[in-house]
Amino acid sequence: MDATKSIKMNIFMNILLTMSSFIFQFLSFPYVSRVLLPEGTGKISFATSLVSYFVLFSQLGIPTYGVVACAKVRNNKIELSRTVHELLFLNCVITAIVYFIYLILVLSVPKLKADKILYFVSGLTIILNTLGIEWLYRALEEYAYITIRSVIFKLIAIILLFLFINSPDDYIGYMAVCVFATNMSQVFNLFYTRKKICISYLGQYNIKKHLKSVLIFFLMSCATTVYTHLDSVMLGFLKTDSIVGYYNAATKIKSFLVAIVTSLGTVLLPRATHYIKSGKLTEFNKMSKGALTSVFVFGSSFTLFSIIFSEHIILLLSGEQYIPSIVPMKVIMPTVLFIGLTNILGIQMLVPLGREKVVLKSEILGAIINVLVNSLLIPQYDAVGAAIGTLFAELAVLIVQMISLRDQILEVCRDFPVFKFIAIILIGGKISSFIKVFDLKVIFTLLGGGILYFGIIGIYMFCYLTREKRGKVET
């Protein structure tokens with residue numbers, strides 16, 4: 001693998017990949033919300049959250065560990081092939097066991113059995129995630145291939161959506177479209193893999209050497225999944241499908257923005273691992289500092305704008321039936337910044353440095369806090385209680401990781417005017433919010449507010465970067 005692949009091109013392709021998911025959701029969700037109504041979207045959200053736990057166990061943390069393990073040997077085709085064979089075999093064995101347990105539960109638990117076709121369809125994700133071996137292509141930084149393949153399937157899925165989803169009873173069809181859009185493209189990986197690794201039996205396999213690291217990454221994934229999906233699952237069991245639907249609408253824009261903000265860390269993980277393996281600490285530190293600054297700028301900007309215009313975003317994406325989603329959305333939006341920062345601190349910095357246990361401890365703490373807060377607040381405050389639980393969990397994870405990397409955090413604060421930037425976005429938020437007094441249509445309010453808000457931030461960043469560039473030239 002050519003280690004000199006352009007990081008900028010990788011980032012561009014991954015942002016394009018993320019944006020394709022955003023566009024798919026942006027085009028589909030407003031339509032689906034109005035067709036399926038809160039009850040239908042609630043069923044989809046509950047099924048998706050439930051299946052995510054089985055995907056978690058079937059994957060064993062391999063999606064992240066596989067990137068790290070393959071990135072270390074990506075310049076040696078034989079060792080890379082052997083690593084892929086070992087991890088794929090382990091992955092397939094565990095997936096078979098997990099899928100069998102999933103089928104038993106679907107056929108025995110009354111709530112699941114009552115809608116078993118929905119859960120059979122959503123359960124295909126368990127198998128397709130394993131067959132995709134996406135971690136290999138991320139380790140090789142094959143983002144062009146990943147992006148083009150994914151965009152094509154999402155375009156097909158959008159066509160299928162508008163052709164076949166026409167009534168509240170079509171929620172199973174919508175689940176099938178989502179599985180197709182997200183996972184079916186991974187089947188092509190099986191055919192494309194022979195161009196990257198040796199398919200034939202190599203021998204001298206040593207699966208045991210991966211078990212300790214896989215276990216750590218698995219536990220990290222467990223903790224993360226608990227506080228990212230437990231809220232919807234608990235709402236589904238404790239409350240109604242409609243309340244889950246409101247919460248799903250509240251978290252939808254958060255998920256869009258998190259995907260954009262975290263796409264940077266996803267791209268940089270294999271490169272960061274390669275730098276550490278090669279002893280290039282200067283390059284690693286420079287890249288990490290730039291990533292932290294970028295995530296802070298985008299994450300904080302998106303967070304404040306989404307809070308200020310939460311009502312208009314909900315009305316645009318979901319409609320008036322989802323008015324109860326507005327308050328939960330306001331509460332949960334700061335997690336866009338929290339998750340963006342922990343994605344860099346944890347996945348791009350601590351993991352390549354071999355400090356996975358710090359990440360694990362922070363995520364276990366987040367999971368514990370999420371369970372406790374959800375248990376206390378969901379019975380009384382419904383979706384708002386779930387949002388508060390997620391907010392506290394993500395904040396706890398961020399605090400632990402920031403303490404562990406406090407020297408790097410202080411260096412970023414010295415090089416970038418953090419507090420001045422916060423003042424700028426607050427000013428931008430105040431000025432852009434005045435557009436609400438004109439009582440324009442939702443789309444025009446969002447467009448006008450966005451132009452004012454991001455225009456002010458853009459002017460400041462342009463002046464800052466110009467000043468920085470001039471200072472470097474003079475130096």
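Since the structure is predicted, the reported quantities are computational estimates derived from the model, not experimental observations.
Between the side chain of Asn129 and the main chain of Gln59, no donor-acceptor pair closer than 3.5 Å is present. Judged by distance alone, with hydrogens and angles left aside, the side-chain atoms of Ser58 form a donor-acceptor pair with the main-chain N or O of Val55 at under 3.5 Å. Without hydrogens or angle criteria, Lys330 side chain to Ile307 main chain gives a donor-acceptor distance under 3.5 Å. With Tyr453 contributing its side chain and Ile431 its backbone, the two residues share no donor-acceptor pair below 3.5 Å. A donor-acceptor distance shorter than 3.5 angstrom exists from the side chain of Asn370 to the backbone of Gly389, with no hydrogens or angles considered. Side chain of Ser404 to backbone of Val400: no donor-acceptor contact under 3.5 angstrom is found. Counting only distance, with no hydrogens or angles, the side chain of Ser325 and the backbone of Tyr246 share a donor-acceptor pair below 3.5 Å.
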Check your understanding: So Val297 and Tyr460, side-chain contact (heavy atoms from CB on, under 4.5 Å) or not? Walk me through it.
Key -> CA-CA 11 Å; Val297 168; Tyr460 170 77; over 6 Å; no
Exercise for review: Mind running side-chain contact (heavy atoms from CB on, under 4.5 Å) on Leu160 and Ile156 for me, showing each step along the way?
Suggested key: CA-CA 6 Å; Leu160 295 175; Ile156 296 173; 4.2 Å; yes
Check your understanding: Passes side-chain contact (heavy atoms from CB on, under 4.5 Å), Ser432 versus Phe454? Steps please.
Key -> CA-CA 9 Å; Ser432 63; Phe454 290 105; over 6 Å; no
Practice item. Could you please spell out the steps behind the side-chain contact (heavy atoms from CB on, under 4.5 Å) verdict for Tyr102 and Ser122? Key: CA-CA 11 Å; Tyr102 175 78; Ser122 62; 3.4 Å; yes
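The distance between the ring centers of Phe54 and Tyr99 does not fall below 6.0 angstrom. Checked against a 6.0 Å centroid threshold, the rings of Phe218 and Phe57 count as neighbours. Between Phe416 and Tyr464, the distance separating the two ring centers is shorter than 6.0 angstrom.
Once rounded to the nearest 0.5 Å, the distance linking OH of Tyr65 with CG of Leu90 reads 10.0 Å. Note that CG of Leu377 is 8.0 Å distant from CD of Gln380, once rounded to the nearest 0.5 Å. Put simply, NZ on Lys43 and CE on Met175 are 11.5 Å apart, with the number rounded to the nearest 0.5 Å. With rounding to the nearest 0.5 angstrom, the OG atom of Ser433 is 9.5 Å from the CG atom of Leu452. Separation of atoms CG (Asn91) and CG (Leu131) is listed at 9.0 Å; rounding is to 0.5 Å. In this structure, CD1 on Ile172 lies 5.5 Å from CG on Asp115, to the nearest 0.5 angstrom.
Looking at heavy atoms from C-beta onward, Tyr174 lies out of side-chain contact with Val35 at the 4.5 angstrom threshold. For the pair Met329/Ser306, a side-chain contact is recorded, criterion being any heavy-atom separation below 4.5 Å from C-beta on. Leu37 places none of its side-chain heavy atoms less than 4.5 Å from the side chain of Tyr171. At least one side-chain heavy atom of Ile409 sits less than 4.5 Å from a side-chain heavy atom of Leu345. Within the 4.5 Å cutoff, no side-chain heavy atoms of Phe164 are placed close to those of Asp170. Residues Ile148 and Ile152 are in side-chain contact: their nearest non-hydrogen atoms beyond the backbone lie under 4.5 Å apart. Annotation: side chain of Ile253 is in contact with side chain of Met333 (closest heavy-atom distance under 4.5 Å). Proximity of Ser301 to Phe421: side-chain heavy atoms (C-beta onward) are separated by under 4.5 Å at one or more points.
Contact detail for Asp382 and Pro379: the closest heavy-atom pair is OD1-O, 4.4 Å. For the pair Leu315 and Ile323, the tightest heavy-atom approach, listed with the atom from each and the gap, is CD2-CD1, 3.6 Å. In terms of heavy atoms, Thr125 sits closest to Val179 at OG1-CG2, 3.8 Å. Nearest heavy-atom pair, Gly340 versus Val295, reported as atom, atom and distance to 0.1 Å: C-CG1, 3.3 Å. The nearest pair of heavy atoms linking Val336 to Thr303 is CB-OG1, 3.6 Å. In plain terms, the two heavy atoms of Val106 and Tyr119 that are nearest each other are CG2-CB, 3.8 Å.
Other residues, nucleotides and ligands contribute more than 12 heavy atoms inside 6.0 Å of the CZ atom of Phe162. Within a 6.0 Å radius of CZ in Phe120, more than 12 heavy atoms belonging to other residues, nucleotides or ligands are found. Residue Tyr31 qualifies as enclosed at atom OH: its count of foreign heavy atoms under 6.0 Å is above 12. Other residues, nucleotides and ligands contribute over 12 non-hydrogen atoms within 6.0 Å of the NZ atom of Lys111.
No hydrogens or angles considered: nothing links the side chains of Thr342 and Glu394 as a donor-acceptor pair under 3.5 Å. Side-chain contact annotation: Gln401 with Ser362, donor-acceptor N/O pair under 3.5 Å present.
At least one test fails for Lys154 against the ring of Phe180: distance under 6.0 Å to the centre or angle within 45° of the axis.
When Ile399, Leu398, Val258 are each tested for a side chain to side chain contact (heavy atoms under 4.5 Å, CB included) with Phe338, only one passes: Leu398.
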